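Only a predicted model underlies this, so the values are computations on that prediction, with no experimental measurement involved. Below, each value reflects all heavy atoms present in this structure, side chains not excepted, and no hydrogens, waters or symmetry copies. We name chains A, B, ... by the order of the sequence lines, and we start the count at 1 in each one.
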Amino acid sequence: MAVEEKQETGFVKDIRKQSVDFPGWYNDVVRKAQLADNSPVAGTMVIRPYGYAIWENIRDPLDELIKQTGHENWYFPALIPLSFLQKEREHVEGFAPEFQLVTKGGGKDLEEPLVLRPTSETMIASVLRDYIQSYRDLPVLTNQWNNVFRWELKARFFLRTREFLWQEGHTFHETATEAEEEVARMLECYRQIAEEWCAIPVLAGRKSETEKFAGAQYSTAIEGMMVDGKALQMATSHYFGENFTRAYDLTFTGRSNERQFPHSTSWGMSTRMVGAVVMAHGDDSGLQLPPRIAPVQVVIIPIFRSDAERHQIEAALPGVLDELDDIRVKVDWRDERPGFKFNEWELKGVPLRIEIGPRDLAKGEAAVVRRLDRLKKAVPLGELALTVPAMLEKIQEALFERARGFREKHTVRLTSLDAVVKFFDTEIGFAVTPWCGRSEDELTVKERTTATTRVILPGSGRPEGPCAICGRPAVTDVAWGKAY
RNA sequence: CGGGGCGUGGCGCAGCCUGGUUAGCGCGCUUGCUUUGGGAGCAAGAAGUCGAGGGUUCGAAUCCCUCCGCCCCGACCA
């Protein structure tokens with residue numbers, strides 16, 4: 001009893017309860033798990049090595065996919081002349097409130113202010129204008145990994161900061177069809193990263209007119225559900241048509257010798273994804289990482305009392321590590337008690353823990369414990385090479401299935417405004433309804449529930465019955481949710 | 001920008017109302033000993049221009065004024 005109480009206060013001391021204060025819990029987990037911390041500059045954060053390692057484990061497979069689909073990495077400057085942004089009306093109107101301006105250089109006022117890039121459509125169109133002459137130059141498939149700046153009013157770790165890291169892809173195509181295929185192709189890459197690597201099931205589809213990117217013909221996105229039932233947009237992919245190329249007078253000579261505007265796209269996934277992983281899988285014990293993106297997949301905790309026992313474990317370790325050859329393993333030899341390490345590595349979300357002590361060694365075994373459910377299993381040392389990878393895979397699947405089950409449990413199909421209002425009043429999650437597509441309906445719902453349309457669900461064709469909000473003929477199904 | 005709160009060792013706070021010169025407590029940190037299979041115990045120690053500036057006073061963390069910074073709540077966004 002005494003032990004239990006102590007444990008309880010230990011956890012309360014470290015992180016707030018997820019069920020009681022979700023934003024507080026999130027904040028605590030990010031800092032205590034050492035993913036990120038506040039920085040000296042308001043609205044920005046320091047990404048610490050453990051958090052950055054997670055980002056790298058998301059970034060690397062995504063970069064691989066981007067290259068596999070024919071794109072090349074470029075680098076464009078972070079400082080963009082203000083006039084560039086002003087060429088596309090919708091675009092500048094959408095982003096102007098978020099500009100951060102550089103007005104001085106070398107102690108003197110600049111002739112033209114430079115904007116810290118909020119995104120690079122304008123810079124890239126300006127540059128590629130010189131490189132694209134003929135249909136033979138198309139498509140141009142660019143990507144760049146960089147930081148962008150947006151003057152956000154309230155910051156939250158990974159989810160919304162004034163500076164963040166992402167990848168932005170920008171492509172230029174001869175035809176609309178080709179460009180639209182590109183938009184869908186990259187959205188599919190994002191779905192893959194989210195579902196197969198981050199174990200977060202997503203809804204993928206178009207955004208409504210009001211939710212689309214400033215300057216786009218249409219936007220698509222993947223949306224995930226966090227464990228508080230709120231929606232998080234985890235990546236976007238936009239079709240611009242000729243909007244940007246016309247604004248920048250970026251033309252090419254077509255197959256029958258006429259000047260044409262390329263159809264362009266852009267798409268991005270950011271460090272927000274790290275926040276998504278925290279909020280999609282974490283629990284009251286802290287972070288929980290899908291094995292495929294966990295910086296440490298297996299932590300080994302040696303357990304010993306005497307020097308003799310310590311030496312015994314030291315002697316056995318090379319063999320154990322040899323078994324775990326292709327796995328990201330960390331051995332925690334720090335001078336702390338085992339119980340402390342158990343709790344700390346659980347807080348940091350490591351999927352598997354291996355305890356090796358005299359009792360285990362006597363039997364030629366190790367105790368393997370899952371972060372998922374603390375299930376403990378004795379595994380013969382010689383079988384670790386087979387068992388551990390299988391367990392990691394199973395955990396990866398289990399996290400995905402659990403998240404999917406949660407989302408399904410919290411997704412309802414509704415057919416009236418009253419039902420939608422009541423749902424968001426009393427429940428959490430997504431409401432799917434038939435919808436006519438009018439922005440007025442989104443306003444109505446937002447005013448009464450704060451929920452917005454997240455994605456227009458593809459594939460189902462024309463839904464049965466009238467628009468749930470206004471009763472006009474419905475043209476599509478749409479998912480509503482309260483969003484981050 | 002409008003409404004509410006807060007600035008005191010790295011972190012979290014007490015002290016302030018009712019001024020008094022050694023400014024405390026918890027966590028963390030350092031060292032040592034004992035511990036070690038679910039967040040250890042004891043002992044010794046280091047660490048603070050009390051957000052900044054000005055004023056009142058014999059004397060200011062404490063009272064007054066100004067400024068700065070931060071957090072929460074109302075309008076945008078990956």
Side-chain angles (χ1 to χ4, degrees), chain A residues 2-15 21 23-24 27-28 31-32 37-43 93-99 118-119 146-156 158-168 190 207 210-214 219 221-224 231-238 266-276 285-286 301-307 309-310 313 332-347 353-362 365-367 369 374 376 378 446 450 452 483-484:
Chain A
V3 172
E4 273 174 32
E5 273 174 8
K6 196 155 204 176
Q7 230 178 323
E8 187 68 13
T9 51
F11 281 109
V12 168
K13 177 184 73 188
D14 268 9
I15 52 178
D21 178 4
N27 217 35
D28 291 345
R31 290 195 313 185
K32 296 281 162 57
D37 212 338
N38 291 316
S39 88
V41 181
E93 282 173 5
F95 278 102
E98 302 183 38
F99 286 171
T119 177
N146 63 21
N147 55 341
V148 284
F149 299 83
R150 299 178 185 183
W151 197 254
E152 302 294 351
L153 299 178
K154 57 195 177 200
R156 305 201 49 192
F158 295 108
L159 306 179
R160 188 177 296 101
T161 48
R162 287 183 178 174
E163 179 185 3
F164 59 91
L165 306 180
W166 74 347
Q167 120 323 281
E168 49 175 327
Y190 292 146
K207 304 295 279 187
T210 51
E211 295 284 327
K212 78 173 186 189
F213 179 83
S219 292
I222 54 171
E223 293 274 339
L232 183 69
Q233 177 172 301
M234 300 191 295
T236 51
S237 182
H238 314 288
S266 84
W267 26 275
M269 178 181 270
S270 73
T271 38
R272 171 180 274 188
M273 207 61 205
V274 177
S285 299
I301 314 287
I303 295 164
F304 56 91
R305 293 158 202 264
S306 61
D307 278 352
E309 285 176 351
R310 186 193 165 105
I313 295 162
D332 188 354
W333 277 113
R334 284 177 308 164
D335 186 20
E336 294 286 354
R337 295 163 65 113
F340 176 88
K341 296 178 185 176
F342 296 168
N343 284 289
E344 193 181 72
W345 289 110
E346 280 175 11
L347 168 59
R353 168 175 86 238
I354 297 182
E355 303 170 16
I356 301 180
R359 296 210 296 262
D360 310 292
L361 286 183
E365 294 174 349
V369 186
R374 293 192 181 175
K376 189 184 261 193
K446 185 163 191 178
T450 75
T452 51
Y484 271 96

Measure from the side-chain heavy atoms of [X] and tell me the nearest of [options].
{"X": "Trp166(A)", "options": "U35(B), A78(B), G39(B)", "result": "A78(B)"}
{"X": "Glu346(A)", "options": "G38(B), C76(B), U36(B)", "result": "G38(B)"}
{"X": "Asp360(A)", "options": "G38(B), G37(B), A78(B)", "result": "G37(B)"}
{"X": "Arg337(A)", "options": "A40(B), G39(B), A78(B)", "result": "A40(B)"}
{"X": "Arg272(A)", "options": "U35(B), C77(B), G38(B)", "result": "C77(B)"}

When you compare [N] with [M], how far apart are their [atom1] atoms, in angstrom units rounded to a whole number?
{"N": "C25(B)", "M": "G9(B)", "atom1": "C1'", "value": "12 Å"}
{"N": "A61(B)", "M": "G24(B)", "atom1": "C1'", "value": "12 Å"}
{"N": "G51(B)", "M": "G12(B)", "atom1": "P", "value": "14 Å"}
{"N": "C42(B)", "M": "C58(B)", "atom1": "C1'", "value": "46 Å"}
{"N": "A78(B)", "M": "C63(B)", "atom1": "C1'", "value": "50 Å"}
{"N": "C73(B)", "M": "G37(B)", "atom1": "C1'", "value": "48 Å"}
{"N": "U62(B)", "M": "G45(B)", "atom1": "C1'", "value": "30 Å"}
{"N": "G41(B)", "M": "U36(B)", "atom1": "C1'", "value": "12 Å"}

Using Watson-Crick or G-U wobble geometry with both distances under 3.5 Å, which nucleotide pairs with [N]?
{"N": "G2(B)", "result": "C73(B)"}
{"N": "U57(B)", "result": "none"}
{"N": "C50(B)", "result": "none"}
{"N": "C13(B)", "result": "G24(B)"}
{"N": "G38(B)", "result": "none"}
{"N": "G45(B)", "result": "C29(B)"}
{"N": "G7(B)", "result": "C68(B)"}
{"N": "G19(B)", "result": "none"}

I want to check one thing: is the phosphate of [N], taken as OP1 and OP2, less than 4.0 Å away from some side-chain N or O of [X]?
{"X": "Arg359(A)", "N": "G37(B)", "result": "no"}
{"X": "Arg150(A)", "N": "A78(B)", "result": "no"}
{"X": "Arg160(A)", "N": "C77(B)", "result": "no"}

Is it true that Glu223(A) and Lys207(A) have a side-chain N and a carboxylate O under 4.0 angstrom from each other?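 Yes.
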Base, sugar-phosphate or nothing for [X]? Non-hydrogen atoms, less than 4.0 Å.
{"X": "Ala367(A)", "value": "base"}
{"X": "Arg353(A)", "value": "base"}
{"X": "Gln233(A)", "value": "sugar-phosphate"}
{"X": "Leu232(A)", "value": "nothing"}
{"X": "Phe149(A)", "value": "nothing"}
{"X": "Thr161(A)", "value": "base"}
{"X": "Pro118(A)", "value": "nothing"}
{"X": "Gly357(A)", "value": "base"}
{"X": "Lys154(A)", "value": "base"}

Mapping Ala155(A) and Phe213(A) to their closest nucleotides on RNA chain B, which lands nearer the 5' end?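 Looking at RNA chain B, the more 5' nearest nucleotide goes with Ala155(A).
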Assign each of Leu361(A) and Glu163(A) to its nearest nucleotide of RNA chain B by heavy atoms, then name whichever residue's nucleotide is nearer the 5' end.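 First, find each residue's nearest nucleotide; the 5'-ward one identifies Leu361(A).
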For Trp333(A), ring pair (Phe, Tyr, Trp, His ring centres under 6.0 Å) partners two or more places apart: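 With neighbours one apart ignored, the set is Phe304(A).
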Mark yes or no for whether [X], through its side chain, and [Y], through its backbone, hold a donor-acceptor pair below 3.5 Å.
{"X": "Arg162(A)", "Y": "Trp151(A)", "answer": "no"}
{"X": "Arg272(A)", "Y": "Phe158(A)", "answer": "no"}
{"X": "Gln167(A)", "Y": "Trp267(A)", "answer": "yes"}
{"X": "Thr271(A)", "Y": "Phe164(A)", "answer": "no"}

Answer with yes or no whether Glu336(A) presents, from its side chain, a donor or acceptor under 3.5 Å of a partner atom in the base of G39(B).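 For Glu336(A), whose side chain was compared with the base of G39(B), there is no donor-acceptor pair (under 3.5 Å).
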Hey, does the side-chain of Glu344(A) have a donor or acceptor N/O within less than 3.5 Å of a partner on the base of G39(B)?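 Not at all, since no donor on one side and acceptor on the other fall under 3.5 Å apart.
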Rounding to a whole Å, what distance do you find between [X]:[atom1] and [N]:[atom2]?
{"X": "Arg156(A)", "N": "C73(B)", "atom1": "CZ", "atom2": "C1'", "result": "14 Å"}
{"X": "Glu93(A)", "N": "C77(B)", "atom1": "CD", "atom2": "C1'", "result": "16 Å"}
{"X": "Arg31(A)", "N": "G28(B)", "atom1": "CZ", "atom2": "P", "result": "17 Å"}
{"X": "Glu211(A)", "N": "C77(B)", "atom1": "CD", "atom2": "P", "result": "8 Å"}
{"X": "Tyr484(A)", "N": "C76(B)", "atom1": "OH", "atom2": "P", "result": "18 Å"}
{"X": "Arg334(A)", "N": "G39(B)", "atom1": "CZ", "atom2": "P", "result": "15 Å"}
{"X": "Phe304(A)", "N": "G37(B)", "atom1": "CZ", "atom2": "P", "result": "11 Å"}
{"X": "Asn38(A)", "N": "G10(B)", "atom1": "CG", "atom2": "P", "result": "16 Å"}

Could you give the distance from NZ (Lys32(A)) to CG (Asp37(A)), rounded to the nearest 0.5 Å?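 Here the interatomic distance stands at 10.0 Å.
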Find the distance between OG1 (Thr119(A)) and NE2 (His238(A)) and round it off to the nearest 0.5 Å.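 Rounded to the nearest 0.5 Å, the OG1-NE2 separation comes to 7.5 Å.
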Please say whether the positively charged group of Arg353(A), taken as NZ for Lys or CZ for Arg, lies over the ring of Phe342(A), i.e. under 6.0 angstrom from the six-membered ring centre and within 45 degrees of the axis.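 Yes, cation above the ring, under 6.0 Å and within 45°.
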Per-pair stack call Phe164(A) and A78(B), 5.5 Å, 30°: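 Stacking is present between A78(B) and Phe164(A), given that their ring centres fall under 5.5 Å apart and the planes under 30°.
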